[in-house]
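Data first, discussion second: the structure below is written as structure tokens.
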Amino acid sequence: MSKNLVIVESPAKAKTIEGYLGKDFVVKSSYGHIRDLSKGNESVNVEDGFEPNYVVSDDKKQLVKELKQAAKKAEIVWLATDEDREGEAISWHLAETLQLKPEATKRIVFSEITKKAILKAIERPRDVDVNLVNAQQARRILDRLVGFDLSPVLWRKIKPGLSAGRVQSVAVRIIVEREREITLFKPKADFRVVGEFVADKMGVKAPLNKRFGTEEEATAFVNECIGAVHTVDSIETKPTSRKPTAPFTTSTLQQEASRKLGFSVSRTMRVAQSLYESGLITYMRTDSTNLSDDAIEQAKNFITSAFGDHYSNPQQYRGKKAKGAQEAHEAIRPSDLTQNATTGERDQVRLYDLIWKRAISSQMANAKLENTTAVISVSTRPEAFMAKGQVITFDGFLKVYLEGNDDDEDKDKDKDNRLPAMTIGQELPRKTIVATERFSKHAPRFTEASLVKRLEELGIGRPSTYAPTISTVQKRGYVEKGDRDGTPRNFQLITLEKETVSISTETENTGVERSKLFPTDIGIVVNDFLMQHFDQIMDFNFTADVEANST
DNA sequence: CAGTGAGCGAGCTTCCGCTTGACTT
């Protein structure tokens with residue numbers, strides 16, 4: 001029989017690690033938590049120091065029995081659950097439930113699944129960290145008390161089957177408040193002027209450096225451009241650069257799969273899970289952007305041989321951690337970075353492609369660009385047109401990957417857009433000057449993925465709960481994902497062409513929404529009720545502090 | 001006399017966070 005039993009949280013991880021450790025080690029999985037608070041009111045004794053009552057859940061009874069037997073046969077049990085608050089608690093629950101002997105029990109941690117990291121962890125065992133376990137218990141107990149005290153109030157006052165909780169109720173609040181903001185929003189119009197000139201036989205479009213608040217001012221400007229001479233006053237070229245983005249965490253993967261592939265957050269997680277179980281990617285529930293040394297080295301070799309030395313820029317992404325991040329795992333990356341594609345189901349192929357590109361590009365050089373601004377004057381007015389061009393002088397990471405953008409107007413930000421040749425003092429023939437009435441836009445409604453982003457910024461929820469939280473608020477009927485057709489809106493166009501000014505009214509479609517989150521009537525009623533009577537629990541900081549203070 | 005409807009009581013719902021399958025649709 002084996003001398004050593006190692007217990008980890010995930011069975012896929014167990015399989016990998018067993019391969020690293022050899023025949024003296026058996027590696028088993030706890031499949032997450034093995035115990036939880038009991039179901040009823042006796043689960044927390046509020047009268048007696050909030051004493052929790054834990055039970056092994058029915059679907060874990062068989063597993064606990066097996067682990068107990070395995071532990072009995074082993075000389076040493078290694079508790080190798082994740083290096084975070086929940087992982088520490090799982091180790092403690094295992095020690096209690098399996099009745100492990102302290103002298104034959106060791107706690108080890110590692111945040112990457114490489115042979116080197118595992119062997120190093122085995123050399124440096126420690127004890128279970130009681131403070132971290134207590135932090136987890138406080139978090140668990142508080143979530144139970146909040147959820148199970150508030151929800152019944154909603155059953156009595158509003159409707160049976162409703163729910164409230166530290167995380168979900170704040171998620172609903174965010175959606176409701178954004179909707180109110182949008183309802184109250186009054187669009188403001190201004191006039192933006194664009195001139196089109198001819199240089200080197202090419203058309204150059206250049207926006208004016210001033211916007212006009214009223215149609216009168218805009219019309220006056222366009223009128224005064226009749227017969228004006230347009231001269232190139234200055235040309236300035238500035239080098240800039242763009243940095244690649246960090247490899248994926250759960251939340252950035254969900255956002256990018258939503259933008260680029262149109263996936264819901266649950267679809268992203270389902271597909272990522274299947275890639276993980278096939279051994280193709282690292283763990284998909286993580287808040288860390290760290291890469292293992294092995295992965296960085298592998299990326300460096302791949303990039304150097306595929307694109308050349310100057311495309312490689314090995315680096316670790318630190319410093320912009322999400323609030324409350326615990327970094328028990330690596331970033332999400334391909335297990336083998338030299339494998340640039342996978343086969344199989346279409347969703348898996350596409351998500352793998354995204355993960356590979358993001359990980360590889362994170363280890364590539366900055367892109368170098370040159371931004372050129374030509375100032376084109378108007379002889380009759382003090383304002384000037386600003387023609388902007390951009391040339392990519394070295395593509396760097398852009399060769400592989402460019403992060404998506406939530407804002408449609410920024411779409412061309414990274415395109416090559418070269419200005420035609422011009423010289424200072426040159427007079428440019430003018431084709432047209434057009435002043436267009438533009439309306440300001442309200443803050444966008446949330447998508448599933450942008451709500452996850454917001455929750456993460458606020459430090460609310462964890463990688464394993466973003467997708468379930470999004471589905472809970474929809475299942476309860478607080479929030480609906482839906483589309484809205486736009487409504488037509490008129491706007492004015494003032495055009496100067498061939499020294500003649502014309503004014504026309506055009507129509508645009510505004511307010512089109514696709515796959516956005518809308519609060520329902522019941523969502524609004526529940527939110528307002530909770531805000532009125534339990535405002536402390538609805539506070540963003542309260543709910544985030546529960547997570548932050550316990551680490 | 002049998003079926004109907006009003007009224008009453010009992011039992012249920014619910015949290016967050018860690019993991020996969022085992023179930024339907």
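Here is how names work: the chains are called A, B, and so on, in the same order as the sequence lines, proteins then strands, and each is numbered from 1.
- Regarding contacts with the backbone of dG17(B), every side-chain N or O of Tyr466(A) stays at 4.0 angstrom or more from both OP1 and OP2.
- Atom C1' of nucleotide dT13(B) and atom CD1 of Ile158(A) are separated by 15 Å, given to the nearest angstrom.
- Rounded to a whole Å, the CG atom of Asp143(A) is 11 Å from the P atom of dC18(B).
- Within 6.0 Å of the NZ atom in Lys453(A), the count of heavy atoms belonging to other residues, nucleotides or ligands does not exceed 12.
- Note on Lys13(A): every side-chain N or O is 4.0 Å or more away from OP1 and OP2 of dT19(B).
- Using a 4.0 Å cut-off, some side-chain N or O of Arg476(A) falls inside it from OP1 or OP2 of dC15(B).
- In the displayed structure, Phe185(A) atom CZ is contacted under 6.0 Å by more than 12 heavy atoms of other residues, nucleotides or ligands.
- Asp528(A) pairs with exactly one of Arg173(A), Lys157(A), Arg180(A) by the salt bridge (Lys or Arg N to Asp or Glu O under 4.0 Å) rule, that one being Arg180(A).
- One N or O donor and one acceptor, one from the side chain of Arg140(A) and one from the base of dC15(B), sit under 3.5 Å apart.
- The phosphate of dT19(B) (OP1 or OP2) has a side-chain N or O of Arg285(A) nearer than 4.0 angstrom.
- The aromatic ring of Tyr31(A) is not stacked on the base of dC18(B), since the criterion of ring centres less than 5.5 Å apart with planes inclined by under 30° is not met.
- As rounded to whole Å, 18 Å separates atom P of dT14(B) from atom CG of Leu145(A).
- If you take NE2 of His93(A) and C1' of dG17(B), they are 11 Å apart, rounded to a whole angstrom.
- OP1 or OP2 of dC18(B) has not a single side-chain nitrogen or oxygen of Thr465(A) nearer than 4.0 Å.
- A 4.5 Å side-chain heavy-atom check between Ile296(A) and Gln363(A) finds at least one atom pair inside the cut-off.
- A cation-pi contact, defined as under 6.0 Å to the ring centre and within 45° of the axis, links Arg144(A) to Phe148(A).
- Remark: ring of Phe148(A) stacked against base of dT14(B); centroid gap under 5.5 Å, plane tilt under 30°.
- Using a 4.0 Å heavy-atom criterion, one finds that Asp149(A) contacts no nucleic acid atom at all.
- Within 4.0 Å (heavy atoms only), Ser151(A) reaches at least one base atom of the nucleic acid.
- For the pair Gln168(A) and dC15(B), the criterion of a side-chain N or O lying under 4.0 Å from OP1 or OP2 is met.
- Paired regions of DNA chain B, requiring three or more successive Watson-Crick or G-U pairs whose two hydrogen-bonding distances fall under 3.5 Å, are not present.
- With rounding to whole Å, Leu455(A) atom CG is found 15 Å from dG17(B) atom C1'.
- Residue Ser464(A) places no side-chain N or O under 4.0 Å from the OP1 or OP2 atom of dG17(B).
- For the pair Ser10(A) and dT19(B), the criterion of a side-chain N or O lying under 4.0 Å from OP1 or OP2 is not met.
- Nucleic acid contact for Pro11(A): sugar-phosphate only, since backbone atoms but no base atoms lie under 4.0 Å from a heavy atom of the residue.
- Geometrically, Arg350(A) does not engage Phe263(A) in a cation-pi contact defined by less than 6.0 Å to the ring centre and at most 45° from the axis.
- In this structure the side chain of Lys260(A) reaches within 4.5 angstrom of the side chain of Leu354(A), judged on heavy atoms.
- At whole-Å resolution of the value, CZ in Arg144(A) and P in dC18(B) are 16 Å apart.
- For the pair Arg166(A) and dG17(B), the criterion of a side-chain N or O lying under 4.0 Å from OP1 or OP2 is met.
- Side-chain atoms of Arg139(A) come within donor-acceptor range of the base of dC16(B), with a qualifying N/O pair under 3.5 Å.
- Each of Thr469(A) and Gly40(A) lies near DNA chain B, and the nucleotide nearest Gly40(A) is the one positioned closer to the 5' end.
- Across all strands, Ala164(A) comes closer than 4.0 Å only to sugar-phosphate atoms, never to a base (heavy-atom distances).
- The 5' end of DNA chain B is approached more closely, in terms of each residue's nearest nucleotide, by Val146(A) than by the other of Val146(A) and Pro463(A).
- Side-chain atoms of Ser57(A) never come within 3.5 Å of backbone atoms of Asp59(A) as a donor-acceptor pair (strictly under, hydrogens ignored).
- For the 3.5 Å distance criterion, the side chains of Thr81(A) and Arg107(A) qualify, holding a donor opposite an acceptor.
- Between the P atom of dC12(B) and the CZ atom of Arg156(A) lies a distance of 18 Å, rounded to the nearest Å.
- Across all strands, Leu154(A) comes closer than 4.0 Å to no nucleic acid atom at all (heavy-atom distances).
- Comparing dT20(B), dC16(B), dT13(B) against the side chain of Asp36(A) picks out dC16(B) as the nearest.
- In this structure, CZ of Phe534(A) is placed 19 Å from P of dT14(B), rounded to the nearest angstrom.
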